[in-house]
Structure formats: C-alpha cells, structure tokens
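Notes to accompany the following structure.
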Amino acid sequence: MATNKRELVFAQSAQPGERYYCPACRQPVRLRRGQSRVTHFAHLPGADCAVSEGETGEHLRGKQQLFRYLRAQGLQPCLEVYLPAINQRPDILVKRGRRLVAIEFQCSPLTVDRLRARNRGYAQLGIKPVWLLGRPYRHHLSRAKVAQFTQVIAGRPTVPYWNTTRGRVEYRRVFYRCSFVSGRPSVTGVVRQQIAALARTASTSELVVRLAGQAAATVQQPLAHCPLVCHDLVPSWPVTRVAVIYWRIAVVLALDKQPLFTSWSRQRWQHWLWQCGQSYWLTFACAPRTVLTAVIDNFTADLLAARVIWRCGDQYVLFCHPRWFPNLAAKDASLATALTHAPENGEGSAENLHLPLII
C-alpha cells in the first residue's frame, strides 16, 4: 500500500500518473504492474527507507489476502502501519478485543536473533505478534527452524502457515517425532530402531561426540547400551538440537553422579532437568520456555514408572541408578519382557489443521 496524501491506497486500485508516497518514510514510490508479477509499489532507486524490505510476489499476494480475510471476519485490519517507537512496520496490524495483534507473513529468510528482536519490539508496545510462514518454509524445515517459528496456539505448539493458493491459514503439527523413528512401529519396534541408530551413528554433532565420550569414561559403555528408560516412546515436539534421546541419556549420566536418596522439590527437579539439557535446548523465539515442559514431564513419568525416582509427598527422591547393558543381546532380552504395552500417544498426532486464524 501507499498514500496519495489523502488516504492509503491498494496498488491494484492505484491510478497511473498519480503521485504516491511510502506511508513510513513519506518518500515517493513507483507503481509497478506486469503480466508475471503482483501489482505493487516500490521505492525509487537510492531511497533510504528504514523499514523498506524487498518483497516477493507471494508476500505481496499473501498480505492482500490476509487483509481481505480479516475484513471478512468483521475486523478492521491496517496494512503496513509504521511504528516509529520501535522502527518496525508489521504487514498487518489489527485489534482483537482490547489487544493489538501484529500479523507477519514471512516468506524470506529470517535469523532467530532478528526474529527475537522484532518480537521484543512488539512486546514493548504491548502488541501480540503472530508469524505466518510462506511457501519457502514448507519443505525440509530443520529442527532449529521449527523451534524458531513455533507458536503456542490453542494450548499446543504449532507452526502456522498462510496458503496463498487456497487463501487460508494452516496449522502444521506434523513435527512430532520419536527419536530416529520412521513409520508407525510397535513400542518394541521404536526401541529397536533407536538402538540401531545409536549403534551405527557416527555423529558429527559436537554434543553427541561429547556425550559418547562421557559415557565411555563414566560407565565404559557405548550410547546404544543405555538403559531402556532413556528411549523416548511418546512422539515429542522438536525442542533439542539433536534427537531427544541424547538429552535423556545425558540426564541419566548426571543422575549416576547423584547419591542415592537425593531429593528435589518438583520445581527444583524441573529446573535440574532443564539445566542438564542447557546445551541441548533449541532457541524458541515466539514461544515460552514452557514448550519444554511436555518433554520434561514425559521423561519424569518414565523415570517414575521405572522406579528410578520415587515421589514422596511433594519431593522426588532418587531411588536407584538406571542400569546400563553390557551388550546389545542383553538389552534385547530385557526389552522383550520390559515393554509389554504402548504408552498413550495423545501428544503425537501428526496433523495439519485448516482452521480460522486464531489471533
């Protein structure tokens, strides 16, 4: 959009020959039309607008779709409102109830540091940011990028997208995984796939190399011989830089250093688990640290079920040190009798939801 000094004007409605100006820097902009690109306004060469960014056709089209989409819901969205206090211009600013919401349609690369800075700016003004991803983020999204754009929507971690082909929002929750698992194997199959991956993986990750060295030094065993309680059987959201089983092994190695009957309050226990994984956790730029809670709670439940820890009143007490296996044959024999039924899989649903935009 641009202004003709009287009102804001959509590029599609602009009249050739009329003068238009950037609503942020007030410098002249040029109307651009073509057969193979979306009609848009562009700064003149040499312009120094502080909030000007190059836009793809998808980004331009998506902003216009979102504007019309929100209007159809009875809201009053504003396009590209310049916020001088933080030197930012959200794609769309809309009021929902008593709160302002900034909607950003992200189609270009954005670092986690830049994203956090943008969100801090909005927080200064009491504005809630909502980030919708475009087509470049649809395929081969790394664990780090999933974490970067994770947002808690309806109480669950989600990566939201705007589909410009269908003109709708999509909430992607297909990122739940058990470590190294493909397909939908049985519980025993999950553990066996994980054992095979741990046994054959020559990881280039510094975290994994350091963990393997720690296991060799303290328990004289390779990672594949880890206790059964280390295996994650419930699919979890990506929260660690490497497969979550490595964090669970790191916790077990840390427990080996604790004297038996060491006790923690619930809060201190969760903090201790978080500290054990400090170098493992991914950076969440749009979601609170509570997204880690499900992974921490699942492991706590597994440690309780395995009687590694006991709950005494409001305290967790270390009851025994988990047993490492001398070889894979011994581990497989123990597996055959230890895992007789599958855990609940409620958090692991791999789904894409097509729902109204929740802001």
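Computed from heavy atoms alone, side chains included, the values below leave out hydrogens, waters and symmetry copies.
- By the 4.5 Å heavy-atom criterion applied to side chains, L83 and P90 are counted as neighbours.
- The closest donor-acceptor contact from the side chain of H59 to the backbone of F105 lies under 3.5 Å.
- Residues P185 and Q193 approach most closely at CG-NE2, 3.7 Å, considering heavy atoms.
- Using a 4.5 Å heavy-atom threshold, the side chains of Q194 and V181 count as touching.
- Counting heavy atoms from C-beta outward, L100 and K128 have side chains that stay 4.5 Å or more apart.
- V208 has its side chain within reach of L223: a pair of non-hydrogen atoms, C-beta onward, lies under 4.5 Å apart.
- Residues L79 and D91 are not in side-chain contact: their nearest non-hydrogen atoms beyond the backbone lie 4.5 Å or more apart.
- Checked by atom type, the side-chain pair S108/Q106 shows a donor-acceptor distance below 3.5 Å.
- Expressed to the nearest 0.5 Å, how far CZ of R323 lies from CG of L228 amounts to 8.0 Å.
- Each of V219, V252, I249 was checked for a side chain to side chain contact (heavy atoms under 4.5 Å, CB included) with P227, and the lone residue meeting it is V252.
- Side-chain contact between W264 and H271 is absent, with no heavy atoms from C-beta onward closer than 4.5 Å.
- Heavy-atom neighbours of R311 CZ from other residues, nucleotides or ligands within 6.0 Å: above the threshold of 12.
- The minimum heavy-atom distance between P322 and D256, with the atom names listed, is CD-OD1, 4.1 Å.
- Side-chain contact annotation: W269 with T300, donor-acceptor N/O pair under 3.5 Å present.
- In this structure, the separation between SG on C226 and CD1 on I245 is 5.0 Å, given to the nearest 0.5 Å.
- Going from atom CD1 of I86 over to atom CD1 of I127 covers 5.5 Å, rounded to the nearest 0.5 Å.
- Side chain of H225 to backbone of F325: a donor-acceptor contact under 3.5 angstrom is found.
- Q148 contributes no side-chain N or O that, together with a main-chain N or O of F284, makes up a donor-acceptor pair within less than 3.5 Å.
- Other residues, nucleotides and ligands contribute more than 12 heavy atoms inside 6.0 Å of the CZ atom of R143.
- Stacking of R172 on the aromatic ring of Y161 is recorded, both the 6.0 Å distance cut-off and the 45° axial limit being met.
- Checked against the 6.0 Å centroid criterion, the rings of Y280 and Y246 do not qualify as a close aromatic pair.
- Y137 places none of its side-chain heavy atoms less than 4.5 Å from the side chain of C107.
- Among T158, V159, T150, the single residue meeting the side chain to side chain contact (heavy atoms under 4.5 Å, CB included) criterion with F175 is V159.
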E170 vs R168, salt bridge (charged side-chain N to carboxylate O under 4.0 Å, His left out): CA-CA, chis, key distance, verdict: CA-CA 7 Å; E170 297 174 353; R168 70 183 186 190; 3.4 Å; yes
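- Although no hydrogens or angles enter the test, the distance criterion places no donor-acceptor pair under 3.5 Å between the side chain of T164 and the main chain of E58.
- No continuous path of hydrophobic side-chain contacts links V130 to V81 [ILVMFWY only; heavy atoms under 4.5 Å].
- Side-chain contact between S279 and R210: present, with at least one pair of heavy atoms (C-beta onward) separated by less than 4.5 Å.
- Here the NZ atom belonging to K63 is positioned 9.5 Å from the CD atom belonging to E104, to the nearest 0.5 angstrom.
- Atom-to-atom distance recorded for L233:CG and D302:CG is 6.5 Å, nearest 0.5 angstrom.
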Derivation and outcome, side chain to side chain contact (heavy atoms under 4.5 Å, CB included), residues V308 and L318: CA-CA 6 Å; V308 173; L318 179 60; 4.1 Å; yes
Audit row: Y316, S263, side chain to side chain contact (heavy atoms under 4.5 Å, CB included) steps and yes/no: CA-CA 5 Å; Y316 289 114; S263 64; over 6 Å; no
Worked verdict on R71 versus F67 for side chain to side chain contact (heavy atoms under 4.5 Å, CB included): CA-CA 6 Å; R71 287 285 294 269; F67 181 86; 3.5 Å; yes
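- Heavy atoms only, all atoms of each residue included: P160 and Q151 are closest at CD-NE2, 3.2 Å.
- When atom types are taken as modelled, the side chain of W131 and the backbone of F149 share no donor-acceptor pair closer than 3.5 angstrom.
- The same ILVMFWY cluster, assembled from side-chain heavy atoms under 4.5 Å apart, contains both L75 and L132.
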Trace of the salt bridge (charged side-chain N to carboxylate O under 4.0 Å, His left out) decision for D232 with R177: CA-CA 9 Å; D232 53 304; R177 294 283 187 276; over 6 Å; no
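- Side-chain atoms of H321 come within 3.5 Å of backbone atoms of L255 as a donor-acceptor pair (strictly under, hydrogens ignored).
- Under the 3.5 Å distance criterion, the side-chain polar atoms of R248 are matched with a main-chain donor or acceptor of V229.
- Put simply, Y122 and V94 are part of two different groups of oily side chains (I, L, V, M, F, W, Y) that touch within less than 4.5 Å, one to the next.
- With hydrogens and angles left out, the side-chain atoms of T111 and R116 include no donor and acceptor closer than 3.5 Å.
- Residues L115 and L93 are members of separate hydrophobic clusters, defined by side-chain heavy-atom contacts under 4.5 angstrom among Ile, Leu, Val, Met, Phe, Trp and Tyr.
- The backbone N or O of Q315 sits nowhere less than 3.5 Å from a side-chain atom of R266 that would complete a donor-acceptor pair.
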Stepwise ring-ring contact (aromatic ring centres under 6.0 Å, His included) test for Y69 and W162: CA-CA 11 Å; Y69 176 91; W162 181 258; 5.1 Å; yes
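- Side-chain N or O atoms of S334 include none that pairs as donor or acceptor with a backbone N or O of K331 at under 3.5 Å.
- Shown here for R135 and T165, the closest heavy-atom pair between the two residues is NH2-OG1, 3.7 Å.
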Stepwise side-chain hydrogen bond (donor to acceptor under 3.5 Å, both in side chains) check, W281 with T240: CA-CA 4 Å; W281 305 127; T240 50; over 6 Å; no
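- Between W310 and F319, the ring center distance clears the sub-6.0 Å criterion.
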Pair R61-T56, side-chain hydrogen bond (donor to acceptor under 3.5 Å, both in side chains): steps then yes or no: CA-CA 9 Å; R61 183 164 48 251; T56 64; over 6 Å; no
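- The shortest heavy-atom contact between Y176 and P235 is CD2-O, 3.7 Å.
- V112 and L141 are members of different hydrophobic clusters when ILVMFWY side chains are connected at heavy-atom separations under 4.5 Å.
- Within a 6.0 Å radius of CD in Q220, other residues, nucleotides and ligands contribute more than 12 heavy atoms.
- Between the side chains of Q270 and D297, at least one donor N or O lies within less than 3.5 Å of an accepting N or O.
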Worked verdict on L292 versus V295 for side chain to side chain contact (heavy atoms under 4.5 Å, CB included): CA-CA 6 Å; L292 308 177; V295 168; 5.7 Å; no
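- Atoms SG and NZ, from C78 and K95 in turn, are 11.5 Å apart once rounded to the nearest 0.5 Å.
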